[in-house]
Amino acid sequence: MNISIVIVNYNTKEMTSRCVDSFLHNRVDDKDIEIIVVDNASTDGSSVYFQEKYSYRENIKIILNEKNFGFGLANNIGVGVARGHYIAFANSDTYVDGFDFGNLIKCFEEHGNLGALSCKILYPNGSIQTLGFDFPSLLNDFKLNVLFWNYKFVKKIRYRNYHNKGLIKRDWVSGCFFMCKKELFQKVNGFDSEIFMYAEDLDICARFYSLGLENFVYDKEEIYHLHGQSSINSKISFKKMLVSKKNYYYVMRKNKLVIWPQLIYLIHLIHLVGLFLLKRFKQISSK
């Protein structure tokens with residue numbers, strides 16, 4: 001077994017199934033690749049759905065957690081039963097079309113200091129969602145929060161004339177999809193179980209980096225990601241974003257990524273509150 005793909009599901013059985021099926025129909029050899037679906041105690045009938053749909057597939061494993069352990073710990077559980085030399089983590093809201101793992105494996109074989117390897121992440125319409133990120137800093141987080149660097153309308157300008165470069169070194173890569181060697185993942189003790197969801201990717205890439213390894217994006221392979229297409233539309237999404245900011249702060253402090261993590265955290269909070277107030281103003285004005 002060469003590659004184990006770990007996919008965490010929580011009440012998204014159709015979306016997760018689309019993800020699984022897309023990998024199954026894109027140059028996947030049952031002898032080389034296994035898919036591990038970890039269900040976080042879903043209540044939408046996911047367990048029965050997956051067991052019935054994939055019971056005939058020897059290279060698909062279904063793990064049923066007794067409760068929702070969160071994204072990171074659920075992935076750790078999946079890695080615990082994985083047989084692959086490489087582990088690929090894919091969000092349930094991703095899918096591929098014409099994807100070739102062989103090109104990513106070549107990157108590992110040609111670069112001995114490779115930590116996490118992602119690919120070009122696309123919106124469903126084919127535009128670029130992300131090509132990795134820079135570590136937190138006053139400059140980088142100023143771009144994120146004041147210049148809206150990671151917003152879709154800005155990325156249309158940033159990537160307007162983008163041409164593939166091949167292997168690109170980045171500080172950290174998106175957790176919606178990345179690969180690493182299983183032994184390396186185990187060496188850093190996997191995802192931080194203290195993080196229920198959000199910022200796990202920054203944390204593990206920072207830990208790879210602390211070992212002297214480098215993280216990359218190979219932009220000649222691509223994956224589609226459904227998440228992040230809308231702005232704040234509810235109190236729930238505001239709470240989720242607040243949690244993501246708290247986790248971002250936690251990871252900065254834990255890995256000592258910046259001198260003043262409190263200042264960067266404050267910048268993010270001001271940005272988030274500003275967005276929320278603007279949304280509320282628009283809602284009131286429209287009445």
Side-chain angles (χ1 to χ4, degrees), residues 2-7 18-29 32-33 35 84-137 139-140 143-144 147-181 184 200-202 204-206 208-209 213-229:
N2 206 14
I3 301 172
S4 297
I5 306 171
V6 180
I7 305 169
R18 179 184 185 181
C19 177
V20 172
D21 292 345
S22 72
F23 280 113
L24 287 175
H25 294 96
N26 279 269
R27 308 182 191 183
V28 173
D29 187 332
D32 293 328
I33 294 181
I35 299 176
H85 178 67
Y86 299 98
I87 304 294
F89 299 97
N91 275 17
S92 62
D93 58 353
T94 61
Y95 62 94
V96 294
D97 184 14
F99 194 87
D100 190 349
F101 275 107
N103 291 324
L104 299 184
I105 292 176
K106 288 180 182 178
C107 294
F108 281 98
E109 293 173 343
E110 295 173 359
H111 297 271
N113 66 331
L114 206 160
L117 175 63
S118 186
C119 62
K120 183 163 56 181
I121 311 298
L122 303 177
Y123 289 108
N125 65 4
S127 62
I128 297 176
Q129 185 177 129
T130 181
L131 289 166
F133 311 95
D134 297 318
F135 279 143
S137 71
L139 176 60
N140 294 333
K143 290 180 180 179
L144 288 173
L147 302 181
F148 300 95
W149 206 243
N150 205 37
Y151 278 67
K152 194 172 184 178
F153 70 94
V154 175
K155 286 186 282 191
K156 286 183 179 179
I157 300 173
R158 289 174 57 197
Y159 300 127
R160 181 173 50 192
N161 298 313
Y162 183 82
H163 298 286
N164 288 342
K165 301 176 177 63
L167 200 60
I168 310 168
K169 185 168 68 173
R170 299 311 311 264
D171 289 337
W172 58 291
V173 299
S174 173
C176 77
F177 176 84
F178 75 91
M179 284 179 62
C180 66
K181 292 181 179 179
L184 175 60
E200 305 94 346
D201 43 12
L202 170 59
I204 199 160
C205 285
F208 289 160
Y209 188 82
L213 301 171
E214 295 177 324
N215 306 304
F216 290 87
V217 167
Y218 183 71
D219 64 5
K220 292 184 179 180
E221 291 295 334
E222 54 196 34
I223 188 169
Y224 294 89
H225 187 207
L226 299 174
H227 181 65
Q229 298 179 74

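Only this structure's heavy atoms are used, side chains among them; waters, hydrogens and symmetry mates stay out.
- In this structure, Ile121 CD1 and Asp219 CG are separated by 11.0 Å, a value rounded to the nearest 0.5 Å.
- Between Arg170 and Asn215 there is no side-chain heavy-atom pair separated by less than 4.5 Å.
- Glu221 contributes no side-chain N or O that, together with a main-chain N or O of Leu104, makes up a donor-acceptor pair within less than 3.5 Å.
- Rounding to the nearest 0.5 Å gives a distance of 9.5 Å between SG of Cys19 and CG of Leu226.
- Of all heavy-atom pairs spanning Arg158 and Trp149, the tightest one is NH1-O, 2.6 Å.
- Across all non-hydrogen atoms, the minimal contact from Gly84 to Ile87 is O-CD1, 4.3 Å.
- Using a 4.5 Å heavy-atom threshold, the side chains of Ile204 and Cys180 count as separate.
- Here the OH-NZ distance, from Tyr162 to Lys155, works out to 13.5 Å after rounding to the nearest 0.5 Å.
- Atom CZ of Phe108 sits in a crowded spot, with more than 12 heavy atoms from other residues, nucleotides or ligands closer than 6.0 Å.
- Judged purely by distance below 3.5 Å, without hydrogens or angles, the side chains of Tyr218 and Lys106 never pair a donor atom with an acceptor atom.
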Give the table of side-chain donor-acceptor pairs shorter than 3.5 Å for residues 171-178, with sequence neighbours excluded, one pair per line with atom names and distance.
{"from": "Asp171", "atom 1": "OD2", "to": "Phe135", "atom 2": "N", "distance (Å)": "2.7"}
{"from": "Trp172", "atom 1": "NE1", "to": "Asp134", "atom 2": "O", "distance (Å)": "2.9"}
{"from": "Ser174", "atom 1": "OG", "to": "Cys176", "atom 2": "N", "distance (Å)": "3.2"}

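- Remark: side-chain polar atoms of Asn125 are paired, donor with acceptor, to backbone N or O of Ser127 under 3.5 angstrom.
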Verdict with reasoning, His225 to Thr130, per side chain to side chain contact (heavy atoms under 4.5 Å, CB included): CA-CA 10 Å; His225 187 207; Thr130 181; over 6 Å; no
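- In the model, Ser137 has a side-chain atom that pairs as donor or acceptor with a side-chain atom of Asn140 under 3.5 Å.
- Under the rule for a side chain to side chain donor-acceptor pair (under 3.5 Å), Asp97 has no partner lying at least two apart in sequence or in another chain.
- When every heavy atom of Gly102 is checked against every heavy atom of Asp100, the shortest pair comes out as N-OD1, 2.9 Å.
- Within the 3.5 Å criterion, the main-chain N or O of Asn113 finds no donor-acceptor partner in the side chain of Glu214.
- Atom CD1 in Ile3 sits 4.5 Å away from atom CD1 in Ile33 (nearest 0.5 Å).
- Two residues are said to be in side-chain contact when any heavy atoms from C-beta on lie closer than 4.5 Å; His111 and Leu117 fail this criterion.
- Here the shortest heavy-atom pairing between Leu131 and Val217 reads O-CG2, 3.5 Å.
- One finds the CE atom of Met179 at 10.5 Å from the OG atom of Ser118 (value rounded to the nearest 0.5 Å).
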Steps toward side chain to side chain contact (heavy atoms under 4.5 Å, CB included) verdict (Phe101, Asp32): CA-CA 10 Å; Phe101 275 107; Asp32 293 328; over 6 Å; no
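- Residues Leu184 and Leu114 come closest through the heavy atom pair CD2-O, 4.2 Å.
- One distance of note links OH of Tyr159 with CG of Leu122; it measures 11.0 Å at 0.5 Å rounding.
- Cys107 and Leu167 make their closest contact through SG-CD1, 3.8 Å (heavy atoms, listed as atom of the first residue, atom of the second, distance).
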